[in-house]
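Taking it in order: structure first as structure tokens, then the write-up.
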Amino acid sequence: MNIFQRRESEIRSYCRSFPTVFERAEGARLFDREGRPYIDFFAGAGALNYGHNPPEMTAALIAYLQADGVLHSLDMATVAKQKFLESFESIVLEPRAMDYKVQFTAPTGANAVEAALKLARRVTGRRNVIAFTNGYHGLSAGAMAITANRHYRHESWIQRLDAAFMPFDGYLGKEVDTLAYLTKALQDRSSGVDLPAAIVLETVQAEGGVNIARDIWLRGVAALCQQHDILLIVDDIQVGCGRTGTFFSFERAGIQPDMVALSKSISGAGLPMSVLLIRPEHDQWKPGEHTGTFRGNNLAFVAAEQALQHWRHDDFAAAVNQKGVRLRQHLTELVAENTGLVTGYRGIGMIHGLQFQEAARCKQVAQEAFGKGLIIETCGSEGDVLKLLPPLTIDDDTLDAGMSILRTCLKTTAERSRPRVQNESVVPR
Ligand code: PMP
């Protein structure tokens, strides 16, 4: 039994899917203790959009440490925070004509979601919140209450109060307009759905199976929010920071949510950091009302400021979209070659999901892939979707190499699951 099995809690999860001891990482590759390379199609569940240890971020972090830069400062003003805010304002907000205040929450995604829920409730004076089927927002009590997957909804943990679930776009098939149901539920005083403080959504449900809301649906939800004086909160924790091909995932729909939760790749280098963007009129916090010790990770600010430089010009977004096209070409071929195993794929920008007929086969492919040096995870309520989430900065050769491993694993799994022709001599008569 190794030290991890002996001492680390049973809660361990990813180390079970990827059972080795990692030591080093660079770009889209991880290396284990034995020096074995792995192509990373998981990218820290979206925390490593710019890859592992991007050299410009590492250099900035080393320089900051060597200059005795302040590491811990609660939420005091520091030069590192100032530079981050200035870059965020000039590179992200101003060119998009967005006016948001920035709240530095505690460092995990769930912390940003908690802050958003609390603020929405304070602003509106209402408690109910609408979330969606297959949504994932984190596992602290408030965030867990609006997370749909049963795996996380143990009877004894969940506060079932103050959260109503509505069908996400496409939940009932292509023909059914789930927006009509949401509209009716909000209009009808006998729907049983209390007027909520907020509607919380992911524009692409990443954990939920790479379910992509259409632009028209997103615009419809935004309009409903306006009409009923409900705050729209977009959880851009996994698919923000460029994952869908634009900095914010909702840009494609032309909407501006009331609040936006960002985490994971906002710090660029995978350091813990989360922010909640708030429309100025909703920034009704009293000073220190939602506080915490770790709300100013200066190292994260230093790396984040470097990461934002990618967005100064349009060519980064263009490159991401170009890589997405390449990924889709591969996926189109893989689907055509494996019709008995997979039914199709969904994707936008650099997040894609390969839909399997059976969850067991999906898991098998992910396991085989690890054995061949590719890190890839499953998602979806049944675990029947393989999620492709490579760093946005992955080069074409590495992308192709990863897809080639996937192709081999699909082939082996398809062959193994094909019913065997029985040897005639042993067929009972
Ligand atoms: N929201 C979304 C959309 C996420 O994908 C995640 C993490 N997978 C979270 C919230 C929670 O973030 P964290 O794990 O950092 O609390």
Side-chain angles (χ1 to χ4, degrees), residues 11-15 17 41-49 103-118 120 129-149 151-153 157 163 165 168-169 198-213 218 232-244 247-250 257 259-277 290 292 294-295 297 300 304 348-353 375-381 383 385 387-389:
I11 200 71
R12 304 185 314 277
S13 73
Y14 294 124
C15 60
S17 313
F41 271 20
F42 189 33
L48 296 164
N49 281 3
Q103 178 181 356
F104 294 100
T105 69
T108 71
N111 296 143
V113 171
E114 294 290 346
L117 295 175
K118 192 165 158 185
V129 164
I130 287 182
F132 291 93
T133 50
N134 281 304
Y136 184 92
H137 300 288
L139 297 183
S140 53
M144 185 162 56
I146 55 165
T147 290
N149 193 318
H151 182 61
Y152 305 110
R153 296 179 65 80
W157 294 334
F165 285 88
F168 193 67
D169 190 22
I199 294 185
V200 189
L201 60 85
E202 301 153 87
T203 65
V204 180
Q205 296 183 320
E207 299 297 321
V210 191
N211 308 316
I212 306 167
L218 292 170
L232 176 61
I233 302 173
V234 169
D235 176 344
D236 235 4
I237 289 169
Q238 185 157 161
V239 298
C241 303
R243 179 53 63 182
T244 63
F247 186 84
F248 293 108
S249 72
F250 50 82
M259 295 184 207
V260 183
L262 286 177
S263 182
K264 294 196 190 261
S265 279
I266 185 67
S267 79
L271 295 167
M273 171 178 174
S274 291
V275 295
L276 179 65
L277 307 183
H290 190 75
F294 294 107
R295 290 175 303 122
N297 184 346
I348 177 170
M350 281 287 274
I351 174 164
H352 290 78
I375 293 178
I376 193 162
E377 250 297 21
T378 61
C379 64
S381 67
V385 180
K387 187 165 70 173
L388 290 87
L389 210 67

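From a predicted model like this one, the values you see are computed outputs, not experimental measurements. Each ligand, and each atom within it, is numbered from 1 in the order the structure gives.
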Any sub-3.5 Å donor-acceptor pair from [X]'s side-chain atoms to [Y]'s backbone N or O?
X	Y	answer
Q205	T133	yes
S265	G46	yes
S274	K264	no

Flag side-chain contact, heavy atom, 4.5 Å: [X] against [Y]:
X	Y	result
N149	E207	no
F247	L262	yes
V204	R243	no

Considering non-hydrogen atoms of the protein only, which is the closest contact for [atom], and what is the distance?
atom	result
atom 1 (N) of ligand 1	D235 OD2, 2.6 Å
atom 16 (O) of ligand 1	A110 N, 2.9 Å
atom 5 (O) of ligand 1	Q238 NE2, 2.8 Å
atom 12 (O) of ligand 1	G109 CA, 3.3 Å
atom 4 (C) of ligand 1	Y136 CD2, 3.7 Å

Numbered atoms of ligand 1 (with element) below 4.0 Å of E207, judged on heavy atoms: 8 (N)

Numbered atoms of ligand 1 (with element) below 4.0 Å of T108, judged on heavy atoms: 15 (O), 16 (O)

Interatomic spacing from NE2 in H290 to NZ in K118 - rounded to 0.5 Å: 5.0 Å

Part of E202 within contact of ligand 1 (heavy atoms, under 4.0 Å): side chain

Proximity of I237 to ligand 1 by residue part, where a heavy atom lies under 4.0 Å: side chain

Sub-4.0 Å heavy-atom approach of K264 to ligand 1: yes

Short side-chain donor-acceptor distance under 3.5 Å, S249 and D236: yes

Polar proximity ligand 1 side, G138 side, N/O cut 3.5 Å exclusive: no

Test item: protein heavy atom less than 4.0 Å from atom 14 (O) of ligand 1: no

